[in-house]
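Structure, as structure tokens:
Letters go in sequence order (proteins before strands), and every chain restarts at 1.
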2 protein chains.
Amino acid sequence: MSKYEPSLDLCFSALGDPTRRMILQRLARGEASVSALAAGHDMALPSVMEHLKKLEAANLITSRKKGRTRICALSPEAFTPAQNWLSAQSAIWEGRLDRFDDYITTLMQEKET
Amino acid sequence: MSKYEPSLDLCFSALGDPTRRMILQRLARGEASVSALAAGHDMALPSVMEHLKKLEAANLITSRKKGRTRICALSPEAFTPAQNWLSAQSAIWEGRLDRFDDYITTLMQEKET
DNA sequence: ATGTTACTTAGGAACATGTCTAAGTATGAA
DNA sequence: TTCATACTTAGACATGTTCCTAAGTAACAT
């Protein structure tokens, strides 16, 4: 069974902030500079930088310096670990329902005999 | 395009803590009492309660009182909003790649003529 | 060489989070 | 009724988070 993955802490926590989700949404459409990302976020630039730092720490984005501007990009495989964790739990849950169905079936068969 | 959903703040933030993920993992296998959930978490009961409170606030679990014990259960549809958000972003990203492919194709065609 | 642009760093205020201990309250058992 | 169990509430405390302003630094543009 899935053991403790610290990377998921960073990933899910990063996703827990609306500003950061908006940034990711923007980056899903393509690369953008820090100031492009900051535009429309009624927030000081250093605050946006903090969010970018968290997203990068969570491996959700990458960034590179091009001259004096920093270009940010979504990590292609960004969401996979989170999606995998979620579907693993769903799978366990489904399994549980199946076992419940089996149990009911067994009860009904026992009643018939 | 998906607007701001405060429920995702609670959901993803709740998922960002390892103790809470472990609790969810446990509940995916079936209901459990508070003390059953607390067992094996080297943590005082009130601390576990706090985690349960967050999970319930995020609609990831439900709980009911049975005598003096509280039974917690995973919400069946627990992960859907989070999964939907993640796949929506992936979809946008895939779309972007398609458009990039189109762009490259266009460049190559232009070069041929 | 100088000014402007685009970040970056530093430091701090306000509030949220994760944990604890100690002291309840409600139920069940004897 | 009295004791044990299973939470529950209250309060404290250290840390973490999210924002800010002010003061850098590096790369262009002129």
Side-chain angles (χ1 to χ4, degrees), chain A residues 4-27 30-74 82, chain B residues 4-27 30-74 82:
Chain A
Y4 169 43
E5 288 186 49
S7 64
L8 286 179
D9 292 10
L10 291 172
C11 178
F12 280 126
S13 300
L15 291 169
D17 180 277
T19 302
R20 286 194 291 265
R21 283 201 308 281
M22 277 189 267
I23 289 175
L24 291 173
Q25 220 155 102
R26 166 69 186 74
L27 289 178
E31 302 186 331
S33 71
V34 171
S35 32
L37 290 172
H41 273 292
D42 196 17
M43 189 181 285
L45 207 60
S47 308
V48 174
M49 288 292 298
E50 280 299 300
H51 287 301
L52 294 175
K53 219 176 280 182
K54 294 229 161 124
L55 288 169
E56 198 156 10
N59 281 308
L60 289 167
I61 69 171
T62 56
S63 76
R64 62 182 195 287
K65 210 63 191 285
K66 185 182 181 183
R68 63 190 156 168
T69 83
R70 176 173 297 280
I71 308 291
C72 301
L74 197 67
Chain B
Y4 169 44
E5 288 186 49
S7 64
L8 285 179
D9 292 10
L10 291 172
C11 179
F12 280 125
S13 300
L15 291 169
D17 180 276
T19 302
R20 286 193 291 265
R21 283 201 308 282
M22 278 189 265
I23 290 174
L24 291 174
Q25 220 156 102
R26 166 70 187 73
L27 290 178
E31 301 186 332
S33 70
V34 171
S35 32
L37 291 172
H41 273 293
D42 196 18
M43 189 181 285
L45 207 61
S47 309
V48 174
M49 289 292 299
E50 280 300 300
H51 287 302
L52 293 175
K53 219 176 280 180
K54 294 230 162 123
L55 288 169
E56 198 157 10
N59 281 308
L60 290 166
I61 69 170
T62 56
S63 76
R64 62 182 194 287
K65 209 62 190 288
K66 184 183 181 181
R68 62 188 158 171
T69 84
R70 174 172 298 281
I71 308 291
C72 301
L74 197 67

- Message: Contact list please: residues 65-74 of chain A against DNA chain D, heavy atoms, distance less than 4.0 Å, in numerical order.
- Response: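 Listed by number, they are A/Gly67, A/Arg68.
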
Output all residues satisfying side chain to side chain contact (heavy atoms under 4.5 Å, CB included) with [X], sequence neighbours left out; order by chain, then residue number.
| X | result |
| --- | --- |
| A/Ala36 | A/Ala32, A/Ser33 |
| B/Ala73 | B/Glu31, B/Thr62 |
| A/Ser47 | A/Met43, A/Ala44 |

Suppose we screen for side chain to side chain donor-acceptor pair (under 3.5 Å). Which residues come up paired with [X], at least two apart in sequence or across chains?
| X | answer |
| --- | --- |
| B/Arg26 | none |
| A/Asn59 | none |
| A/Arg20 | A/His51 |

- Which ones in residues 36-58 of chain A lie close to DNA chain C, meaning a heavy atom under 4.0 Å from one of its atoms?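 Hits under 4.0 Å, by residue number: A/Leu45, A/Pro46, A/Met49.
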
- For DNA chain C, what residues of residues 6-22 of chain A have any heavy atom nearer than 4.0 Å?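 Contacting residues: none.
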
Taking atom [atom1] of [X] and atom [atom2] of [Y], what is their separation to the nearest 0.5 Å?
| X | Y | atom1 | atom2 | result |
| --- | --- | --- | --- | --- |
| A/Cys72 | A/Leu37 | SG | CG | 5.5 Å |
| B/Leu60 | B/Arg21 | CG | CZ | 12.0 Å |
| A/Ile61 | A/Leu55 | CD1 | CG | 5.0 Å |

- Query: Which pairs pass salt bridge (charged side-chain N to carboxylate O under 4.0 Å, His left out) with one or both residues in residues 37-56 of chain A, sequence neighbours excluded?
  - Reply: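 Listed by first then second residue: A/Glu50-A/Lys53.
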
- Task: For DNA chain C, note the earliest and the latest nucleotide, 5' to 3', having some atom under 4.0 Å of a heavy atom belonging to chain A.
- Result: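 Result: C/dT4 to C/dT9.
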
- Message: Please determine whether side-chain contact (heavy atoms from CB on, under 4.5 Å) holds for the pair A/Asp9 and B/Asp17, giving the CA-CA distance in whole Å, both sets of side-chain angles, and the decisive distance to 0.1 Å.
- Response: CA-CA 6 Å; A/Asp9 292 10; B/Asp17 180 276; over 6 Å; no

- Item | By salt bridge (Lys or Arg N to Asp or Glu O under 4.0 Å) - contacts of A/Arg70 (at least two apart) |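 For A/Arg70 there are no salt bridge (Lys or Arg N to Asp or Glu O under 4.0 Å) partners, ignoring immediate neighbours.
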
